[in-house]
J.: 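What follows is a single structure, and I will ask about it in a moment.
Heavy atoms only: backbone and side chains are in, while hydrogens, waters and symmetry mates are out.
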Amino acid sequence: MLFTSTRGRQSVAPAETITRGLADDGGLFVPVEIPRFADPLSERMCSLSYNELAREILAHYLTDFSAAELERCVNLAYAGNFDSDNPAPLTEVAPGMNLLELWHGPTCAFKDMALQLLPHLLTAAAAKTAPDRTMVILVATSGDTGKAALDGFADVPGTRIIVFYPEHGVSPMQKLQMTTQTGGNVAVCAIKGNFDDAQTGVKQIFSDPGMQAFLEARNQEFSSANSINFGRLAPQIVYYAAAGCQLKKSGRLAPGATFNVVVPTGNFGNILAAVYAKRMGIPIGRLICASNRNHILTDFIATGVYDRNREFHATSSPSMDILISSNLERLLYHLYGDDPEATADLMTQLRTTGRYSVSPAVHQRIRDEFFGGFCDDCATAAAIAHLYREHGYLCDTHTAVAVDVYRQYLDSTGDRRPVVIASTASPFKFPEAVLGALAPSEVAGDEFAMADRLAALTGVPIPERLAHLRELPVRHRTSVEKSGMADFIRSFLS
């Protein structure tokens, strides 16, 4: 397997793809060809444990990793780090409606599914491509990626990790998870801006010649834990395959049938993993893209025009408060027939004008495969309340967005195929919003007081990993202007 840039015609091996994170031309690495299983839900595939399935799928992409290396990486990632041996259980909430719970890891968010694995993949890759170098992991986060990356990379030998987050763009619980992080190799910094500012700053720093020279002088090299790194994306493919196997084994998916997938997404990475799973042969039907009030993806699917020249909204689902969906670039590359020139032109338009339009043929392909919908905070709260009162299931705000958009899809299409809805975070990561949806009069005090009241009201226990945050000291208090990100990096690395 080789990988190439979405904006150029270079070929690199999988290990180099992971260590570099971002291509030199600013593009994202994609596989030259997407491997395909002849029978992805065969009896053999569906008899595999989650760890075995992960090794099976990753081996098709990471072909310069030995079987022993992949086994070691996968076991270190998933063995003992999640609530059970199945890190992605599928819960049937109502007939045909299944929630894929991706938040049973150490930081209670779906990012753990990849970021418990990526540090081990990266250190194995670096041993092949950059021996004796220190890998500097640079991260922009809208909330969950930051903590999951910090948890995964803390005190990993040969690495240092720097996380930037929007000062007022994450929930208090997400902020505490990051700012209390321990580890001699970690740095956390707020920026005075939104997630898009942080993400744009990180991409610019990656390609800055002066910063590259600074790293070279210290025998250091940048890499990324954001989903711009294919090593972050590949592990996410696994849980969609696992969901298909769970549906089949439980009898919820008839032989030869397909199932739909609903994903709450801002940066498009989580739903792109479902696209790759579908291309590999997993019987996924419609891909339903759920957005909050920052509904740039909904508008793009409807019109074929991507336009970030719009107001940015802070919402109760902050991990989706994004106007620049980086991973959409990978989808565009594939839809344009793996044409890097076409993709590069679209990205240039986005950078210079803030918008672009896809061709009519590409737009039709998008509409054939995707459905886009969005909901505001009021509808999000209503979805939380309905799901709990009608089905006894407590969900977070991001999952609620997906549930509401799925309702919109049913109303629009009547398509009642089995559905897998990605449930991306514990409800206790957003206790104010979730408690407010169920009992508005109870909203008062700090995050932990509200989490306690939410647990008492519903009988759902607070995950220990969140409950113990109240006992930890804040270790990271720095806040900088957007223009100060590079100086913060130099200071930390010096």
Side-chain angles (χ1 to χ4, degrees), residues 35 37 39-62 65-93 98-122 124 144 148 151-152 227 230-253 259 261 263 269-278 280-284 399 418-426 463 465:
F37 292 113
D39 188 4
L41 298 188
S42 66
E43 184 174 343
R44 185 191 73 82
M45 287 284 283
C46 290
S47 68
L48 299 177
S49 69
Y50 192 91
N51 286 17
E52 291 168 337
L53 184 63
R55 298 201 304 268
E56 179 95 14
I57 289 174
L58 292 172
H60 284 77
Y61 290 99
L62 308 183
F65 285 66
S66 69
E69 285 174 323
L70 285 179
E71 182 175 14
R72 176 181 177 275
C73 290
V74 168
N75 288 343
L76 285 171
Y78 299 122
N81 290 333
F82 289 76
D83 291 341
S84 72
D85 291 338
N86 179 9
L90 190 68
T91 299
E92 187 175 29
V93 174
N98 308 275
L99 290 183
L100 183 63
E101 296 177 350
L102 303 173
W103 40 265
H104 290 283
T107 76
C108 303
F110 82 99
K111 306 296 176 71
D112 288 326
M113 301 299 297
L115 284 168
Q116 284 297 300
L117 179 56
L118 180 60
H120 306 297
L121 294 178
L122 181 62
D144 290 331
D151 189 87
S227 55
F230 196 84
R232 236 296 286 282
L233 196 61
Q236 295 179 269
I237 299 170
V238 179
Y239 51 70
Y240 292 109
C245 285
Q246 290 179 76
L247 283 176
K248 181 179 178 181
K249 287 191 295 184
S250 66
R252 286 174 271 172
L253 185 68
F259 62 95
V261 169
V263 186
N270 200 3
I271 197 167
L272 182 67
V275 173
Y276 279 116
K278 182 177 179 179
M280 291 185 74
I282 304 301
I284 295 172
T399 305
V419 66
V420 169
I421 300 175
S423 179
T424 55
S426 164
R465 297 175 177 102

J.: For Asp85, does the CG atom have more than 12 heavy-atom neighbours from other residues, nucleotides or ligands under 6.0 Å away?
T.: no
J.: Would you sort out whether Trp103 and Ser423 count as a side chain to side chain donor-acceptor pair (under 3.5 Å), showing the intermediate values?
T.: CA-CA 7 Å; Trp103 40 265; Ser423 179; 3.0 Å; yes
J.: Between Ala148 and Leu115, what is the shortest heavy-atom contact and its length?
T.: CB-CD1, 3.5 Å
J.: Could you give all pairs that pass the salt bridge (Lys or Arg N to Asp or Glu O under 4.0 Å) test and reach residues 102-120, with sequence neighbours left out?
T.: none
J.: Measure the shortest side-chain to side-chain distance between Pro40 and Met280 over non-hydrogen atoms and say whether it is less than 4.5 angstrom.
T.: no
J.: Return each pair, listed once, that meets salt bridge (Lys or Arg N to Asp or Glu O under 4.0 Å) where at least one residue sits in residues 69-80; pairs must be two or more places apart or across chains.
T.: Glu69-Lys128
J.: Please confirm whether the ring centroid of Tyr50 lies under 6.0 Å from the ring centroid of Tyr239.
T.: no
J.: Using only heavy-atom distances, determine whether the side chains of Tyr240 and Asn270 contain a donor-acceptor pair under 3.5 Å.
T.: yes
J.: Using every non-hydrogen atom in the two residues, find where Met113 and Pro87 come nearest and quote the distance to one decimal.
T.: SD-O, 3.8 Å
J.: Any chance the side chains of Arg252 and Ser250 put a donor and an acceptor closer than 3.5 Å?
T.: yes
J.: Which residues pass the salt bridge (Lys or Arg N to Asp or Glu O under 4.0 Å) test with Asp151, sequence neighbours left out?
T.: none
J.: Are any non-hydrogen side-chain atoms of Thr107 and Asp144 less than 4.5 angstrom apart?
T.: no
